[in-house]
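Here is the structure we will look at, set down as structure tokens.
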Amino acid sequence: MPGKVPRVALLHFGAALRSAQAADPVDMPDILLRMAEDLGATDVVIYLIDFAQATLEPIPSRGAHPEVFQPEDVATTMAGRAFVDQRAVCAERDEGDRMWVPIVEGSNRTGVLALTVPAATEAIIGACTELGLLAGYLIGTQARATDVFDRYRRRRAMSLAASMQWDLLPPLVLKTARLVVAGLVEPAYEVGGDCFDYAIDDATLNLSVMDAMGHGVGSALISALAVGCYRHDRREDRALSVMHARLDACLAEQLQRFSFATGQLVRVDLHSGVMTWTNAGHPQPLLVRGGRVIRELECPPTPPWGLQSIQGASAVTVAAEALEPGDSVLFYTDGVIEARRLDGELFGVEHLADLVGQHASDHLEPEEIVRRLVRSVLAHQTGDLTDDATLVLVQWKGPSPRG
């Protein structure tokens, strides 16, 4: 029967879930190791992607030789290729075939599973790939009960503000039959005021992109309040214009005078592709169609949230754009286009649009487009950003029947 899961696979999956249910969260690597041993695998290593999405960090376990526990660069290694391409990568070795398969938590790229097998047959590659999916599931379900996985993702100390911001963020990637959402924030270990949030229901994607004033903990507190207010009103199913006005009132009431945040509130009808949004003093998003940026999307802005009563209340405009299947919209904060080289040259909207078009025309996945854009921003300012830089790419694939 097409699509039917073999009983042996269900038994293995069920055994892993039962083991995880009664295990200490930090024992997840050992559960995966036992399943890998059933495939004849040795030197099993779990790599987690670091917060900057530049390095794969190994989690030591009892199943591999100590010399294999070395970080792997995403841009230059076989493990990195498996992470970027999201497919199994194999290399022949004297002791057998070394394999790297993606670890995926839902849609989110979590890391890479490396293991050595006697021979990388089609069946073994398929089994190892599914083991990578199981690894993502087990790590994802246990991550909230332990800090171990979070620690291995950190290549250096993280500021308090950045730690607060990362706890606010949703999964960096969401993929369904109708859309993809991919986002990233930098500098990963010091980010203070930038954040984004989203939620999807049967018919609608809700998205917010926010940039709080200032830096450090003060900015993180503004973001926390703004995201909390947005989530509350979103779950109450309020209209965009109402959520926009209530965000302004909330920040003005709860924060010191002249504290504010810019941002956009967005809704995409997943059946029709109609995108509506409001703008609170934030850079205009870019519309990507056919492998190139065709224009900026315009929405008359209000003053930033928290300042509208001070600067004079203005009507909230809800702009609309009819997306075509395959269209993408890139939302970003000003830290992206205001990144500055030593000679003073800004990164700029035009350069951003050029890079987006290049990556889109190469048919890269949205999450990889966003990752490469962030690396380009860091390279432009020699890796030392003076302001947070956030990118969120939304791709509407078109309506699809319920399966």
Side-chain angles (χ1 to χ4, degrees), residues 165 167-171 174 176 178-179 181 183 193-213 219-285 287 296-323 329-334 390 392-394 396:
Q165 290 298 88
D167 286 341
L168 284 177
L169 291 176
L174 170 69
T176 75
R178 293 180 290 184
L179 89 158
V181 181
D194 279 12
C195 62
F196 66 91
D197 192 41
Y198 64 82
I200 184 174
D201 59 30
D202 181 61
T204 308
L205 168 72
N206 282 280
L207 169 73
S208 67
V209 179
M210 300 176 178
D211 181 0
M213 62 166 284
S219 295
L221 290 172
I222 296 173
S223 292
L225 180 60
V227 170
C229 178
Y230 168 70
R231 286 176 176 168
H232 172 269
D233 286 358
R234 183 188 72 208
R235 291 162 182 166
E236 294 291 327
D237 200 25
R238 302 187 192 278
L240 280 181
S241 58
V242 174
M243 290 196 294
H244 188 105
R246 285 171 58 86
L247 255 171
D248 174 70
C250 178
L251 267 59
E253 178 182 349
Q254 299 296 331
L255 300 175
Q256 295 181 352
R257 189 173 174 83
F258 299 112
S259 296
F260 64 88
T262 70
Q264 288 153 342
L265 304 183
V266 185
R267 274 185 177 153
V268 180
D269 186 308
L270 299 179
H271 298 313
S272 68
V274 173
M275 185 183 83
T276 52
W277 81 101
T278 66
N279 189 358
H282 203 74
Q284 308 280 25
L287 176 60
E296 289 184 305
L297 297 179
E298 296 183 358
C299 177
T302 66
W305 294 306
L307 297 184
Q308 293 174 30
S309 60
I310 297 174
Q311 297 186 11
S314 57
V316 178
T317 299
V318 180
E321 182 72 25
L323 303 179
V329 181
L330 180 68
F331 301 89
Y332 59 92
T333 59
D334 58 9
T390 295
V392 182
L393 189 63
V394 177
W396 183 62

request  = Determine yes or no for a side-chain-to-main-chain donor-acceptor pair under 3.5 angstrom, with Asp211 supplying the side chain and Thr333 the backbone.
outcome  = no
query = Would a distance-only check, ignoring hydrogens and angles, find a side-chain to backbone donor-acceptor pair under 3.5 Å from Thr317 to Ala319?
reply = no
remark   = In short, Gly193 meets Ser219 closest at the heavy-atom pair CA-CB, 3.6 Å
task = Grab the two heavy atoms, one from Ala212 and one from Ser223, that are nearest each other, plus how far apart they are.
result = CB-OG, 3.5 Å
note = Tightest non-hydrogen contact, residues Tyr230 and Leu207, listed as OH-N, 3.2 Å
query = What is the distance from atom CG of Asp334 to atom CG of Asp194, rounded to the nearest 0.5 Å?
reply = 7.5 Å
task = Please collect all salt bridge (charged side-chain N to carboxylate O under 4.0 Å, His left out) contacts where either partner lies in residues 225-234, sequence neighbours excluded, each pair once.
result = Asp197-Arg231, Asp197-Arg234, Asp233-Arg238, Asp233-Arg246
task = For residues Val181 and Ile200, determine if any side-chain heavy atom of one lies less than 4.5 Å from a side-chain heavy atom of the other.
result = no
request  = Indicate yes or no: at least one non-hydrogen side-chain atom of Leu323 is less than 4.5 angstrom from one of Leu287.
outcome  = yes
inquiry  = Return the OG to CZ distance between Ser208 and Phe196, rounded to the nearest 0.5 Å.
reply    = 9.5 Å
ask   = Going through the distances and angles, do Met243 and Glu236 end up as a side chain to side chain contact (heavy atoms under 4.5 Å, CB included)?
value = CA-CA 10 Å; Met243 290 196 294; Glu236 294 291 327; over 6 Å; no
inquiry  = I'd like to know if the side chain of Tyr332 reaches the main chain of Leu393, judged simply by a donor and an acceptor atom lying under 3.5 Å from each other, with no hydrogens or angles considered.
reply    = no
key: Any donor-acceptor N/O pair, Trp396 side chain to Leu270 backbone, under 3.5 Å   = yes
query = Is the shortest heavy-atom distance from the side chain of Glu321 to the side chain of Trp277 under 4.5 Å?
reply = yes
query = With distance as the sole test, does Ser259 use its side chain to make a donor-acceptor pair with the main-chain N or O of Gln256 at under 3.5 Å?
reply = yes
ask   = Does the pair Thr278 and Thr302 meet the rule for a side chain to side chain contact (heavy atoms under 4.5 Å, CB included), with working shown?
value = CA-CA 8 Å; Thr278 66; Thr302 66; over 6 Å; no
ask   = Is the shortest heavy-atom distance from the side chain of Cys250 to the side chain of Trp305 under 4.5 Å?
value = no
key: Distance in Å, Leu169 CG paired with Thr390 OG1, rounded so as to fall on 0.5 Å steps   = 8.0 Å
Closest non-hydrogen atom pair between Thr276 and Ala320, with its separation = CG2-CB, 4.0 Å
request  = Mind listing the closest non-hydrogen atom pair of Val329 and Pro285 along with its distance?
outcome  = CG1-CB, 3.7 Å
query = Measuring from His271:NE2 to Asp202:CG, what's the distance to the nearest 0.5 Å?
reply = 5.0 Å
key: Asp248 side chain vs Gly306 backbone, donor-acceptor pair below 3.5 Å   = yes
key: Stepwise side chain to side chain contact (heavy atoms under 4.5 Å, CB included) check, Met275 with Leu297   = CA-CA 11 Å; Met275 185 183 83; Leu297 297 179; 3.6 Å; yes
request  = Identify, with sequence neighbours excluded, every residue that meets side-chain contact (heavy atoms from CB on, under 4.5 Å) alongside Asn279.
outcome  = Gln264, His282, Gln284, Cys299, Pro301
note = Closest non-hydrogen atoms of Met210 and Leu265, given as atom of the first, atom of the second and distance, are CE-CD2, 4.5 Å
